[in-house]
Protein chains: 2
Amino acid sequence: MKLSTKGKYGVRALFEIARNYGKGPLAIKEIAERQRISLSYLEQILHRLGKAGIIESVRGPHGGYELARKPVELTIGDVVRALEGPIALSHCLEPGATDGCYQAEDCVARMVWSKVGEKIEEALDSITFEQLLRQYHGKDREHPVHRKKLVAAGKGVC
Amino acid sequence: MKLSTKGKYGVRALFEIARNYGKGPLAIKEIAERQRISLSYLEQILHRLGKAGIIESVRGPHGGYELARKPVELTIGDVVRALEGPIALSHCLEPGATDGCYQAEDCVARMVWSKVGEKIEEALDSITFEQLLRQYHGKDREHPVHRKKLVAAGKGVC
DNA sequence: ACAAACCTGACTAATTCTGTCAAGTATTTT
DNA sequence: AAAATACTTGACAGAATTAGTCAGGTTTGT
């Protein structure tokens with residue numbers, strides 16, 4: 001029941017992009033530095049977010065990324081779905097699951113995981129970036145301190 | 001955002017044990033056959049559930065496992081926590097997380113994952129085995145059809 | 001033309017997960 | 001007491017996934 005770093009980094013990256021909303025594109029290099037994410041890895045993540053229609057890219061000098069919609073219309077759920085795939089606690093509950101549970105209709109657990117999945121989705125979709133921004137507005141958060149080496153494998157990072 | 005097979009198999013195994021509530025212990029072999037779970041793997045799972053105080057074992061001939069409490073007092077959340085560890089979307093939100101997020105107080109995402117985690121917990125804790133039993137009561141579910149080979153790595157199983 | 005910046009896909013090292021195996025220990029029936 | 005049944009424990013290996021890197025591209029503003 002963990003999120004992968006893709007989802008976690010994605011939210012942090014989008015926070016920076018959202019912060020810059022209305023001020024033109026934000027360069028990926030800038031995002032990477034502010035949130036201490038590897039540039040190459042961040043490229044992958046932003047690319048996915050682009051394909052999902054969450055951000056738009058501007059190429060060339062002074063290019064970068066910007067939100068494709070207003071912060072109030074972008075939820076955490078949108079981001080998680082784009083980066084971690086559909087919210088489905090069990091493989092057999094994914095949208096295209098033709099090779100579903102071999103117990104089919106008769107499965108004891110299916111409805112349980114389905115119900116819980118809906119609740120998770122609700123929770124994720126109830127949080128917008130507008131809210132996030134407001135929460136940190138005015139705090140003028142300083143950028144995180146650089147650490148020589150991060151703890152292995154995405155641990156110790158939100 | 002997937003459950004591991006431990007959690008999924010655990011719920012199914014407990015469903016069988018709960019079904020037998022009040023009728024004495026149910027042999028592990030029986031559980032394994034009814035739910036088509038590898039015996040050796042199931043041993044691991046049941047052992048964990050025992051340590052968590054969810055089931056009790058009876059040794060010797062005609063022994064087996066039985067629920068340590070009434071089905072109405074056992075929730076899906078209890079099982080998931082016992083088998084998958086604490087519900088924490090991010091490593092830094094786990095109970096003993098001394099080596100937490102290096103962004104500490106200032107972390108943009110921390111509160112998001114914390115809130116969502118609470119919602120998940122609520123959802124999991126709102127479902128009791130009593131409810132599960134009632135739902136399948138009288139249906140006299142036949143045991144799942146045996147398949148020669150399961151799809152790889154726990155896929156295709158609820 | 002140049003440089004800033006995004007685009008793409010291949011690749012590998014680490015980690016986690018799944019499931020097996022083997023050699024126990026405990027309990028009850030006969 | 002012996003045998004049968006069942007639980008206990010820990011080590012282990014193969015597969016899948018994840019995290020992150022690298023090495024090239026291509027696009028576009030000046």
Self-check item: Ion pair A:Glu94/B:Lys2, N-O distance below 4.0 Å
Solution: yes
Self-check item: Nearest-angstrom distance from the residue atom CG of A:Leu39 to C1' of D:dA19
Solution: 15 Å
Quiz item: With side chains defined as the heavy atoms from C-beta onward, is the minimum distance between B:Leu46 and B:Leu49 less than 4.5 Å?
Solution: yes
Exercise. Evaluate the side-chain proximity of A:Leu42 to A:Ile28: yes if any heavy-atom separation is below 4.5 Å, no if none is.
Key: yes
Self-check item: A:Ser4 and A:Glu84 side chains, donor-acceptor separation under 3.5 Å
Solution: yes
Quiz item: To the nearest 0.5 Å, how far apart are CG in B:Asp78 and CZ in B:Phe129?
Solution: 8.5 Å
Exercise. Give one of base, sugar-phosphate or nothing for B:Ile28, where a contact means two heavy atoms less than 4.0 Å apart.
Key: sugar-phosphate
Quiz item: D:dT21 base to A:Gln44 side chain: any donor-acceptor pair below 3.5 Å?
Solution: yes
Quiz item: Which part of the nucleic acid does B:Gly50 contact within heavy-atom distance under 4.0 Å: base, sugar-phosphate only, or nothing?
Solution: nothing
Practice problem: Ignoring backbone atoms, establish whether A:Ser57 has a side-chain N or O less than 4.0 Å from OP1 or OP2 of C:dA5. | Solution: no
Practice problem: Confirm from the modelled atom types if B:Arg59 and C:dT28 form a donor-acceptor pair under 3.5 Å, side chain to base only. | Solution: no
Exercise. Check the distance between D:dT18's C1' and A:Leu3's CG and give it to me in whole angstrom.
Key: 13 Å
Quiz item: Does C:dG19 have OP1 or OP2 sitting under 4.0 Å from an N or O in the side chain of B:Tyr9?
Solution: yes
Practice problem: Using whole Å, report how far CZ of A:Arg12 lies from P of D:dA19. | Solution: 13 Å
Quiz item: Are A:Arg12 and A:Glu16 within salt-bridge range, i.e. N to O under 4.0 Å?
Solution: no
Quiz item: Base, sugar-phosphate, or nothing: which does B:Lys29 touch, judged by heavy atoms less than 4.0 Å apart?
Solution: nothing
Exercise. Taking only the side-chain heavy atoms of A:Ser4 (C-beta and beyond), determine which of C:dG19, C:dT27, D:dA19 contains the nearest atom.
Key: D:dA19
Quiz prompt | Distance (rounded to the nearest 0.5 Å) between B:Ile54 CD1 and B:Thr75 OG1 | solution = 8.0 Å
Quiz item: Going by number, which of residues 76-88 of chain A have a non-hydrogen atom under 4.0 Å from DNA chain C?
Solution: none
Quiz prompt | Salt bridge A:Lys23-A:Glu66, side-chain N to carboxylate O under 4.0 Å | solution = no
Practice problem: In whole angstrom, give the distance that lies between atom CE of A:Met1 and atom P of C:dC17. | Solution: 13 Å
Practice problem: Just need the stems in DNA chain C: three or more back-to-back Watson-Crick or G-U pairs, each with both distances under 3.5 angstrom, sorted by first number. | Solution: C:1-30 with D:1-30
Self-check item: Rounded interatomic separation in angstrom, taking NE2 from A:His91 and C1' from C:dC17
Solution: 16 Å
Self-check item: Distance (rounded to the nearest 0.5 Å) between B:Asn20 CG and B:Phe15 CZ
Solution: 11.5 Å
Quiz prompt | A:Thr5 vs D:dT18: side-chain N/O to OP1/OP2 distance below 4.0 Å | solution = no
Quiz item: Does OP1 or OP2 of D:dT8 have a side-chain N or O of B:Tyr65 closer than 4.0 Å?
Solution: yes
Quiz prompt | Length of the CD-C1' vector between A:Glu43 and D:dT21, whole Å | solution = 11 Å
Self-check item: Toward the 5' end of DNA chain D, by each residue's nearest nucleotide, B:His62 or A:Pro61
Solution: B:His62
Exercise. Work out which heavy atom in B:Lys70 is nearest to a heavy atom in B:Tyr21; give both atom names and the distance.
Key: CG-OH, 3.2 Å
Quiz item: Atom CG of B:Leu42 to atom P of D:dA6: distance rounded to whole Å?
Solution: 14 Å
Quiz item: Do any side-chain nitrogens or oxygens of B:Ser38 fall under 4.0 Å of OP1 or OP2 in C:dT20?
Solution: yes
Quiz item: Does a side-chain heavy-atom distance below 4.5 Å link B:Glu118 with B:Ser114?
Solution: yes
Exercise. Return the 5'-most residue of the pair A:Gly64, A:Ser40 with respect to DNA chain C, ranking by each residue's nearest nucleotide.
Key: A:Gly64
Quiz item: Once you round it to whole Å, what is the distance between P of C:dA5 and NE2 of A:His47?
Solution: 19 Å
